[in-house]
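Within every chain, numbering begins at 1; the chains are lettered A, B, ... in the order of the sequence lines, protein sequences first and strands thereafter. Quick caveat, the model's predicted, so the values are computed rather than measured.
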Protein chains: 2
Amino acid sequence: MREIVTIKDVAKRAGVSTSTVSRILTPRNNTYMRDATRERVTRAIKELDYRPDVRAQSLRGMIGTKTIGLVMPDTLNPYYQELAYALEEICYKERYGMLVCSSKNSISRELVYIDLLERQKVDGIILTTVGLHKARLDGLIKRGIPIVLIDRDVPGTVVPTLFSNNYMGGCQATQYLIDLGHKKILCVAGSMNVLSNIDRLKGYTDTLGKNGLEIDKKLIIRKGKLTYKNGYKIMKDLLSKSGDEFTAIFCLNDLVALGVMRAIHEKGKNVPSDYSVIGFDNISFSSICNPPLTTIAQPTRIIALNAFKTIRKWKEQALLKKKHRFWDTKLIVRESCRENRFR
Amino acid sequence: MREIVTIKDVAKRAGVSTSTVSRILTPRNNTYMRDATRERVTRAIKELDYRPDVRAQSLRGMIGTKTIGLVMPDTLNPYYQELAYALEEICYKERYGMLVCSSKNSISRELVYIDLLERQKVDGIILTTVGLHKARLDGLIKRGIPIVLIDRDVPGTVVPTLFSNNYMGGCQATQYLIDLGHKKILCVAGSMNVLSNIDRLKGYTDTLGKNGLEIDKKLIIRKGKLTYKNGYKIMKDLLSKSGDEFTAIFCLNDLVALGVMRAIHEKGKNVPSDYSVIGFDNISFSSICNPPLTTIAQPTRIIALNAFKTIRKWKEQALLKKKHRFWDTKLIVRESCRENRFR
DNA sequence: AGAAAATAAGGTAACGTTATCATATAACGA
DNA sequence: TCGTTATATGATAACGTTACCTTATTTTCT
């Protein structure tokens, strides 16, 4: 039989009222209780294996549901997995539950999930949107759902939005290659016009310019998605033509970098002797692959922590001003880049 | 201002009672309603952007919380990520929320999470335990929490437990290598005594025996965890001594296989020309790595689907008998194995 | 036409908690 | 000793919803 133990059962067993039991569950500072009573109740709780029902607590009380929702474009993308991991760590410490939702780059799916999270009355939503509109977002906020955006902006709105400093990362990667003596640097940029990619690309072009190097449009590949498969395909095509136009490759994420490296190896060429390759994201596999990938690390943990904090401190003033915040990226040197001595 | 729209607001706006609104939210077959009324209510819901509160619904009604909990030993392990992915897909279709919890191979952390999920009154828990005891599990069941175990057993209990046929996978991998002409096959098995590993190892030894090959205990490495790092270390040690005692390597999971391959490459040797390597799990990176890894795929999606189904159909009879179920593994041939012509 | 059945909606209590108010006893200061 | 405050607990209503019961209107059948 399904035997649900409630606060009434505890009260009866301890010979007190439910109020007294409740006082133990929700300790406020200004409450008096005899030690003997406290002990009797505590014992009853233990003996009955009682656990308060968070639904009921949050429905009546002033606490929330102790749950947050994380909505990401792609759960299989290692970068988001690491974001989820960092966030889970924080949730664990705070004894929060984390509802993980993958929009799979579909806006309709994202909306279904946001709706679901709202019905579940989560204490907040952390969202990397694939195209939420201002109206929807404002609706959410009006209805009192704390929401924090990560990596991607919703134009015209005032929600706190947290970013890696993607521009900085683009600069770091490019400058590193230039310092190694590379002058002709291919950039595999993908076709998607999300802010993070635009910034990385801008970092690339600006840094070329700052170093007095020419910006060759033929060296900026803006097609397809930033996936392993696409990186492989792009590089394969390029190498089948000539492959002489560049000595280094800046990939806008690690996944494409992996695909690019695979195509290079298949062609019988070597990384880093023939081509230097640098990625972005520092996914866990970039330290494992062959050769280990030099890349730009995002401040994932810091972003996760601040997202959580923002939700917890959510007040009306969050609405008052646009709050874009950026955190520094970091160059991680491994073995996929080498000095350019020849060309 | 935080403006929570409730069923009362909808009722008021539509000019009906809350009962009538509720009837629309929870459609039972035997309910009558005038079309005009239905339409008025539906419109009010839309206009107010009303969304029912799942907490309240589940507290009063007969539905659950539409949430399940997934507890895994390691969220960063690609195998579990793919399990989570498969499960999320099912949850999405059913409009369930999924609380993702990583025990990080710590039993105390696992217990904290199970406790949290119980307080959240999830409709079920899907658990790959790192060492739950019978007593705890029986407690959960007594308290009416549907629970399904995956990959790992809790001895002496009667909970439905779902497995890949790890023994079969061990046989498939070993037989494949034998069919390629390998006679001396190293097995990197790790020290952990979990059922899945024991079964994989048994598949290995049984298949050797069935093919009339000697079982050389020196070729079974039972130390450390099944991680990339450890695989690398083990193979590096082995190669620094001699490396002549075997021509093929069966790794109990893909992660170690990746580490093993790295060590081989670092030694200037080649996979598959010098050593054939086969893994287990078919993690996404096994198709991306260099060379792409031949491996054994687990029926992850099937397991996820059945776990969910089991929870939904949870009845008292689930208690009546032990239900261990196994699903077939599958050999995935890629490029890390080759015929053994020389030794 | 009258009774029975079908249709359509409202009223109320309850789910498991806690906030708030009320009450009872004990301790204290004059 | 009495009034006042501190201590300790109980009673009740409410959170947002739905199950169940009740009531009012129609429709249908004889």
Is the phosphate of [N], meaning OP1 or OP2, less than 4.0 Å from a side-chain N or O of [X]?
X       : N      : answer
B/Tyr32 : C/dT7  : yes
A/Thr20 : D/dG10 : yes
A/Thr31 : D/dA8  : no
B/Ser22 : D/dT17 : no
B/Thr37 : C/dA9  : yes
A/Ser17 : D/dG10 : yes

[X] has an atom [atom1]; how far is it from atom [atom2] of [N], in whole Å?
X        : N      : atom1 : atom2 : answer
B/Arg40  : C/dG10 : CZ    : C1'   : 14 Å
B/Glu39  : C/dA8  : CD    : C1'   : 17 Å
B/Arg38  : C/dT7  : CZ    : P     : 13 Å
A/Gln120 : D/dG16 : CD    : P     : 17 Å
A/Leu59  : D/dT17 : CG    : C1'   : 8 Å
A/Arg119 : D/dT17 : CZ    : P     : 11 Å
A/Met62  : D/dA14 : CE    : C1'   : 12 Å
B/Lys121 : C/dT17 : NZ    : P     : 7 Å

Would you indicate whether B/Arg51, at its atom CZ, is surrounded by more than 12 heavy atoms from other residues, nucleotides or ligands within a distance under 6.0 Å?
yes
Nearest nucleotide by nearest heavy atom, which residue falls closer to the 5' end of DNA chain C, A/Ser19 or B/Ser19?
B/Ser19
Between A/Arg34 and B/Asp35, whichever has its closest DNA chain C nucleotide further toward 5' is B/Asp35
If you only use heavy atoms from C-beta on, which nucleotide in [options] is closest to the side chain of [X]?
X       : options                : result
B/Arg60 : D/dC15, C/dG10, C/dA13 : C/dA13
B/Ile4  : D/dG16, C/dA19, C/dA9  : D/dG16
A/Ile7  : D/dT12, C/dT18, D/dG16 : C/dT18
A/Thr26 : C/dA14, C/dA9, C/dT18  : C/dT18
A/Asp53 : C/dT17, C/dC15, D/dT18 : C/dT17

Backbone N or O of A/Ile68 within a donor-acceptor pair of the A/Asp123 side chain at under 3.5 Å?
no
Once you apply a heavy-atom cut-off of 4.0 Å, does B/Arg23 come out as touching a base, just sugar-phosphate, or nothing?
base
Calculate, to the nearest 0.5 Å, the distance between atoms CG and CD1 belonging to A/Leu70 and A/Ile150 respectively.
7.0 Å
Residue whose nearest DNA chain D nucleotide is more 5′ - B/Lys8 or A/Met33
A/Met33
Electrostatic pair B/Arg136:B/Glu118 at N-O distance under 4.0 angstrom
no
Any carboxylate oxygen within less than 4.0 angstrom of a Lys/Arg side-chain nitrogen, looking at B/Asp9 and B/Arg13?
no
Go through the steps for A/Glu89 and B/Lys104 under the test salt bridge (Lys or Arg N to Asp or Glu O under 4.0 Å), then give the verdict.
CA-CA 10 Å; A/Glu89 203 47 37; B/Lys104 292 182 147 194; 3.0 Å; yes
